[in-house]
Amino acid sequence: MLRSTCCIPLCPFTAKQPSFPRKQQRITSDLSSDHFTLRGGGGGSASAVVSSSGLRELVFVVNPQGANGRTAKEWKKLLPYLRSRLGKDCNVSESLTSGPSHAIDITREAIRDGADAVIAVGGDGTLHEVVNGFFWEGKPVGNLNSEASHSTALGLIPLGTGSDFARTFGWNNDPCEAVERIAKGMRSRVDVGIIDKEGKDLHYFINVADVHLSAKAGFYASKYKKFGNLCYVIGALQAFMGHHNRDMRIRVNGGEWEIYPQVTALCVGNAKYFGGGMKITPNAIPGNGNLEVVVLQDFKWYDFVLKLHKLYNGTHLSVNNVTSRSVLSIEVEEISDSGSIYVQSDGEHLGFLPRKFRILPGAIDMIC
C-alpha cells in the first residue's frame, strides 16, 4: 500500500488535468426527485445529501487488470493529478488488488481502520467486491475505534469495461470528474441488494442481479473482456446456443407463490443499467427502498434482434411478455429443479437457482 499525505484545498484549483480518451458520451441522468430524498438505514425519510467535512483517510482500491489492463494505465496517469487536487491534509492510500475477492479484504480492513472513504477504481466488478467488503457475516463492518462518530463512505472512479452503475447517476468515464466528486465529498444514502441461498453466505449487490439467459450471457462475456464492450455481444451469442426458456415460481414480499411460465430472463434492479448500457430496470432508483423486478417471458432469439433498441433505451416495459414490479423481496425457483439456471449480480457469476433477493435500505453512504 503506497501512501502520501494531502488535503482538499479551499480555493479554486487550476492544475492541468491529464488527458483521457472518451469512449462514451455523457449520459443524462434519469433519476427522479427521489434521488434527492433517499431512505435512511432505518427506513425513515432523511435528507439524501449531506456535507462530508474533514476527510482524513481515502483508500483507493484499484483493479490493475480491469478493462484488459487499461485501468492500470489510466490510474497511473491519474494518480499525480489526484494527489495534487486533493491537497495536503489527509492521507491517500493506494491498494492494488492481486486477484478475486482481494478488494473485499482491502475494504474491510480500511473500514476497521477508520477510513473516511473507500473508492473503487475500475468497473462494476471492482465496485461489487468493494460493496461486499462493507459487510461481514450479515452485518455492516464497523470501525474498531469505538469513539469514532463518522461512517466510511463508498466512492467510485469508473475505469472499467462496462461501468453500468455509474450510468444511473449520469456519470461518464472521465476520471477527472470523479476526482471532483471525491474532492467535494457530498454523500447520499444508497440501498444495497442482498442475495440469500440456504446454507450459503449472504451476498450483496448494488447494481443489477439477474437470472437465466442474461446471467448466462454475463458468465460467457466475462471470458472475453479483452474485446471491451463487444464481450457482451459475444457472451449473448454464446448463451443463445442451446438456450431454453424455463418455467419458474416466484414469491414476492413473502406472499403466495406464483407460476411464471417460459421465463427467458428475470432481472432484479437496484439501479437501471447492465450489460454495457442496457437499461434493463428503468424504474430502479438506488435509494428509494425498493428493488425493480423485470421478467422477460417466451422470448426467441429474433425478439432480441427486433427489440434490442428498446432494451437499451428502457422502453421495453411496453413490449408483450415483459412485466415489471416493485418489491422488497423476491424468491425465485425453477419448477423442474434442473440446477442449471444461472444467477449473477453486478456481472459476477454466483451459481444457480434457487435464490432470494431482498433490499437493505440506506445501507451505505456514497460519495456522489
Side-chain angles (χ1 to χ4, degrees), residues 1-2 59-76 93-113 115 118-138 140-141 152 154-166 192-197 199-211 214-229 231-232 234-235 238-239 270-271 274-276 342-353 355 357 364:
M1 182 180 293
L2 303 178
V59 178
F60 292 82
V61 182
V62 185
N63 174 15
Q65 302 303 318
N68 198 33
R70 180 172 58 85
T71 297
K73 295 176 182 177
E74 295 197 3
W75 172 247
K76 185 176 181 180
S93 301
E94 173 195 19
S95 293
L96 305 181
T97 62
S98 59
S101 300
H102 190 197
I104 298 176
D105 297 332
I106 293 171
T107 301
R108 287 174 179 159
E109 180 182 1
I111 295 172
R112 287 166 178 154
D113 287 345
V118 179
I119 294 95
V121 181
D124 294 310
T126 303
L127 177 64
H128 177 79
E129 287 200 3
V130 169
V131 167
N132 275 269
F134 273 75
F135 303 91
W136 170 254
E137 293 185 341
V141 175
T152 301
L154 170 68
L156 174 63
I157 297 181
L159 289 178
T161 302
S163 298
D164 279 308
F165 181 74
V192 171
I194 304 177
I195 304 176
D196 191 5
K197 182 176 183 178
K200 300 288 186 179
D201 292 336
L202 295 178
H203 201 90
Y204 300 85
F205 69 98
I206 197 168
N207 192 43
V208 178
D210 52 308
V211 173
S214 55
K216 189 175 181 180
F219 173 78
Y220 288 125
S222 65
K223 303 178 183 297
Y224 302 102
K225 287 296 181 78
K226 64 181 179 181
F227 296 109
N229 278 344
C231 72
Y232 299 111
I234 299 172
Q238 192 167 352
N270 185 48
F274 81 158
Y342 284 68
V343 178
Q344 72 169 5
S345 66
D346 300 346
E348 302 299 308
H349 176 63
L350 299 184
F352 306 92
L353 287 182
R355 286 291 193 281
F357 308 83
I364 294 179

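This chain uses plain numbering: 1 for the first residue, then up along the sequence.
For D105, the CG atom is densely surrounded, since the number of other residues' heavy atoms within 6.0 Å is greater than 12.
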Checklist entry - Which is it for F134 and I111 under the side chain to side chain contact (heavy atoms under 4.5 Å, CB included) test, yes or no, and what are the steps along the way? => result CA-CA 8 Å; F134 273 75; I111 295 172; 3.7 Å; yes
Next on the checklist: The test is side chain to side chain contact (heavy atoms under 4.5 Å, CB included); show your working for V211 and L353 and say whether it passes.
Outcome noted: CA-CA 8 Å; V211 173; L353 287 182; 3.8 Å; yes
Next on the checklist: For a side chain to side chain contact (heavy atoms under 4.5 Å, CB included) check, start with the C-alpha distance between I157 and W75, then their side-chain angles and the critical distance, and finish with the verdict.
Outcome noted: CA-CA 10 Å; I157 297 181; W75 172 247; 4.3 Å; yes
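In plain terms, the two heavy atoms of V62 and P64 that are nearest each other are O-CD, 3.1 Å. Closest of all the heavy-atom pairs between H349 and V343 is ND1-O, 3.7 Å. In terms of heavy atoms, C231 sits closest to A221 at O-CB, 3.3 Å. Residues G218 and Q344 come closest through the heavy atom pair CA-OE1, 3.5 Å. Considering all non-hydrogen atoms of both residues, L156 and G122 come closest at CD1-O, 4.4 Å. Between V192 and F205 the shortest heavy-atom distance is CG1-O, 3.4 Å.
Although no hydrogens or angles enter the test, the distance criterion places a donor-acceptor pair under 3.5 Å between the side chain of E129 and the main chain of S101. With E94 contributing its side chain and F60 its backbone, the two residues share no donor-acceptor pair below 3.5 Å. With hydrogens and angles disregarded, a donor-acceptor distance shorter than 3.5 Å links the side chain of T152 to the backbone of A115. Side-chain N or O atoms of N207 include none that pairs as donor or acceptor with a backbone N or O of A271 at under 3.5 Å. The backbone N or O of A103 sits less than 3.5 Å from a side-chain atom of T107, completing a donor-acceptor pair. Using modelled atom types, one side-chain atom of D164 and one backbone atom of G275 make a donor-acceptor pair closer than 3.5 Å. At least one donor-acceptor pair under 3.5 Å links the side chain of T71 to the backbone N or O of L159. Looking at N270, its side chain never comes within 3.5 Å of a backbone N or O of G193 through a donor-acceptor pair.
By the 4.5 Å heavy-atom criterion applied to side chains, W136 and R112 are counted as neighbours. Residues I206 and F165 form a side-chain contact, since some pair of their non-hydrogen atoms from C-beta on lies under 4.5 Å apart. Residues V131 and L154 meet the side-chain proximity criterion, which asks for heavy atoms closer than 4.5 Å. Two residues are said to be in side-chain contact when any heavy atoms from C-beta on lie closer than 4.5 Å; Y342 and L350 fail this criterion. Two residues are said to be in side-chain contact when any heavy atoms from C-beta on lie closer than 4.5 Å; S95 and V59 meet this criterion. For the pair Q238 and Y224, the minimum side-chain heavy-atom distance is below 4.5 Å. Two residues are said to be in side-chain contact when any heavy atoms from C-beta on lie closer than 4.5 Å; T97 and V61 meet this criterion. In this structure the side chain of Y204 never reaches within 4.5 angstrom of the side chain of I195, judged on heavy atoms.
With sequence neighbours left out, H102 forms a side chain to side chain donor-acceptor pair (under 3.5 Å) with S98. The side chain to side chain contact (heavy atoms under 4.5 Å, CB included) test applied to K197 returns K200, P354, R355, not counting sequence neighbours. D346 meets the side chain to side chain donor-acceptor pair (under 3.5 Å) test with H128; sequence neighbours excluded.
For the atom pair Q65 CD and T126 OG1, the distance stands at 10.5 Å (nearest 0.5 Å). Taking CG of N63 as the start and CG of L127 as the end, the distance is 12.0 Å to the nearest 0.5 Å.
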